[in-house]
Protein chains: 2
Amino acid sequence: MRLLPHPSTENIQLTEVLRALSDPVRLEIVVRLALRGEMTCGVAGDDLGVHKSTASHHYRTLRESGVVMTKQEGRLKYMSLRRDDLDSRFPGLLDAVLSAAGIPSTGVPVQR
Amino acid sequence: MRLLPHPSTENIQLTEVLRALSDPVRLEIVVRLALRGEMTCGVAGDDLGVHKSTASHHYRTLRESGVVMTKQEGRLKYMSLRRDDLDSRFPGLLDAVLSAAGIPSTGVPVQR
DNA sequence: CTTATAGTTGGATTGTTGTCAAACAATAAG
DNA sequence: CTTATTGTTTGACAACAATCCAACTATAAG
């Protein structure tokens, strides 16, 4: 199992995250990851309406911005949302975006 | 007093808002508006390190994406954050972004 | 009317981005 | 070893975006 290069939590930049999320194709990938959890690139990129190489570029943008974590197992690559990292760095941001994108709230701790 | 063309609340698009907020110059303008409330373009764009025409383009991007409202009075143009519109369309999003950008929470109703 | 102020517009430039297609790399399976 | 699968890389291209400068518009003030 190999891990690909990712930014550390403290190096995740707000504007880069917002930019990563501002593309409809990437946002759809993020929504899928939020709904169904970790999945392979193939599944995440299925029926997106773009070429697989285009999708691959989007995976990279999402990884380099710190939005997703990717690990390789065999010939598959598994992507997952970096929920905890994003929540700790930018509390409430991911939930607000997912909710705005039509996803039911995920029961993240309420701030009192 | 004149109003410039703005998207209606229901026509504010999530990806456009995220894109508008993903530029450091525009995010700084938004932060200023959040901290100090309505202000003229001149004040909002002071000391941003970009030419005034560049700032003007950013005002337009912010307005067309639905992030700010602009009204003209005399020879001045006043910009303000469309807080209520953004909150109603994408609850929690603006607060999360502002908080991530280093602004103290603004006492928006806690979700229970 | 002339001048100053506030901001926009258009052109030019430079760099970035989203896309596809084709070639490639790496792993797994026969 | 050969073939199939999964995903990346490279090149090309068109569209877009950020920037500056200069010219412009509109209002206000003298």
Side-chain angles (χ1 to χ4, degrees), chain A residues 1-6 13-30 32-33 36 38-80, chain B residues 1-6 13-30 32-33 36 38-80:
Chain A
M1 203 273 286
R2 280 185 304 160
L3 222 70
L4 281 72
H6 297 79
Q13 299 302 312
L14 176 59
T15 50
E16 290 183 27
V17 169
L18 294 175
R19 224 198 63 60
L21 297 174
S22 73
D23 179 88
V25 172
R26 286 192 294 264
L27 186 58
E28 171 61 25
I29 294 172
V30 167
R32 292 180 181 189
L33 290 172
R36 294 148 66 181
E38 185 178 76
M39 57 180 70
T40 66
C41 292
V43 173
D46 191 47
D47 280 325
L48 282 179
V50 296
H51 195 277
K52 65 172 183 168
S53 64
T54 302
S56 182
H57 283 301
H58 287 312
Y59 306 150
R60 185 148 86 110
T61 299
L62 288 171
R63 175 167 48 80
E64 289 179 347
S65 68
V67 173
V68 308
M69 197 271 289
T70 309
K71 64 180 178 184
Q72 182 156 9
E73 282 180 25
R75 64 181 156 181
L76 299 181
K77 283 186 178 170
Y78 289 88
M79 280 194 301
S80 56
Chain B
M1 201 273 286
R2 281 186 303 160
L3 224 70
L4 283 71
H6 296 80
Q13 298 301 311
L14 176 59
T15 51
E16 289 183 29
V17 169
L18 294 175
R19 223 204 127 278
L21 297 174
S22 73
D23 179 89
V25 172
R26 287 192 294 264
L27 186 58
E28 171 62 25
I29 294 173
V30 167
R32 291 180 183 189
L33 290 172
R36 294 147 65 182
E38 184 179 76
M39 57 180 70
T40 66
C41 292
V43 173
D46 190 47
D47 279 327
L48 281 180
V50 296
H51 196 278
K52 67 170 182 170
S53 65
T54 302
S56 181
H57 285 301
H58 286 310
Y59 306 150
R60 186 149 84 110
T61 299
L62 288 170
R63 176 167 47 82
E64 290 180 346
S65 67
V67 172
V68 308
M69 197 272 287
T70 308
K71 64 178 177 185
Q72 181 156 9
E73 281 180 27
R75 64 181 157 182
L76 299 180
K77 283 187 178 169
Y78 290 89
M79 281 194 300
S80 55

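Computed from a predicted model, the values in this text were never measured in an experiment. Letters go in sequence order (proteins before strands), and every chain restarts at 1.
- Side chain of A:Arg32 to main chain of A:Asp46: a donor-acceptor pair is present (N/O by atom type, distance under 3.5 Å, no hydrogens or angles).
- If you take CG on A:Leu27 and CG on B:Leu18, they are separated by 7.0 Å, rounding to the nearest 0.5 Å.
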Distances under 3.5 Å between protein N/O atoms and the N/O atoms of nucleotides 9-11 of chain C, please, pair by pair.
none

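- Atom P of nucleotide D:dT27 and atom CD of B:Gln72 are separated by 7 Å, given to the nearest angstrom.
- Across the protein-nucleic acid pair, A:Glu64 atom CD and D:dT8 atom P stand 11 Å apart, rounded to whole Å.
- Residues from residues 39-48 of chain A with heavy atoms under 4.0 angstrom of DNA chain C: there are none.
- Here D:dT19 presents its P atom at 12 Å from OH of B:Tyr59, a figure rounded to the nearest Å.
- Of the residues near DNA chain D, A:Ala55 and A:Arg75, the one whose nearest nucleotide (by heavy atom distance) lies more toward the 5' end is A:Arg75.
- The separation between A:Asp23 atom CG and C:dT16 atom P is 18 Å, rounded to whole Å.
- To the nearest 0.5 angstrom, A:Leu62 atom CG is 7.5 Å from A:Leu21 atom CG.
- With hydrogens and angles disregarded, no donor-acceptor distance shorter than 3.5 Å links the side chain of A:Arg26 to the backbone of A:His58.
- Regarding A:Arg19, its CZ atom lies at a distance of 12 Å from the C1' atom of D:dC16, rounded to whole Å.
- Going from atom CD of A:Glu16 over to atom C1' of C:dT17 covers 15 Å, rounded to whole Å.
- Distance, B:Glu73 CD to D:dT27 C1': 13 Å, rounded to whole Å.
- Between A:Val50 and A:Ala55, the shortest heavy-atom contact is CG2-N, 4.1 Å.
- Here the C1' atom of nucleotide C:dT5 and the CG atom of B:Leu76 are 9 Å apart, to the nearest Å.
- Legend: residues meeting salt bridge (Lys or Arg N to Asp or Glu O under 4.0 Å) with A:Arg60, ordered by chain and number and at least two apart, are A:Glu64.
- A distance of 10.0 Å separates CE in A:Met39 from CD1 in A:Ile29, rounded to the nearest 0.5 Å.
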task = Check the pair B:His6, B:Thr70 against side chain to side chain contact (heavy atoms under 4.5 Å, CB included), reporting the backbone distance first and the verdict last.
result = CA-CA 8 Å; B:His6 296 80; B:Thr70 308; 4.0 Å; yes

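- Residue B:Met79 holds its CE atom at 11.5 Å from CE of B:Met69, rounded to the nearest 0.5 Å.
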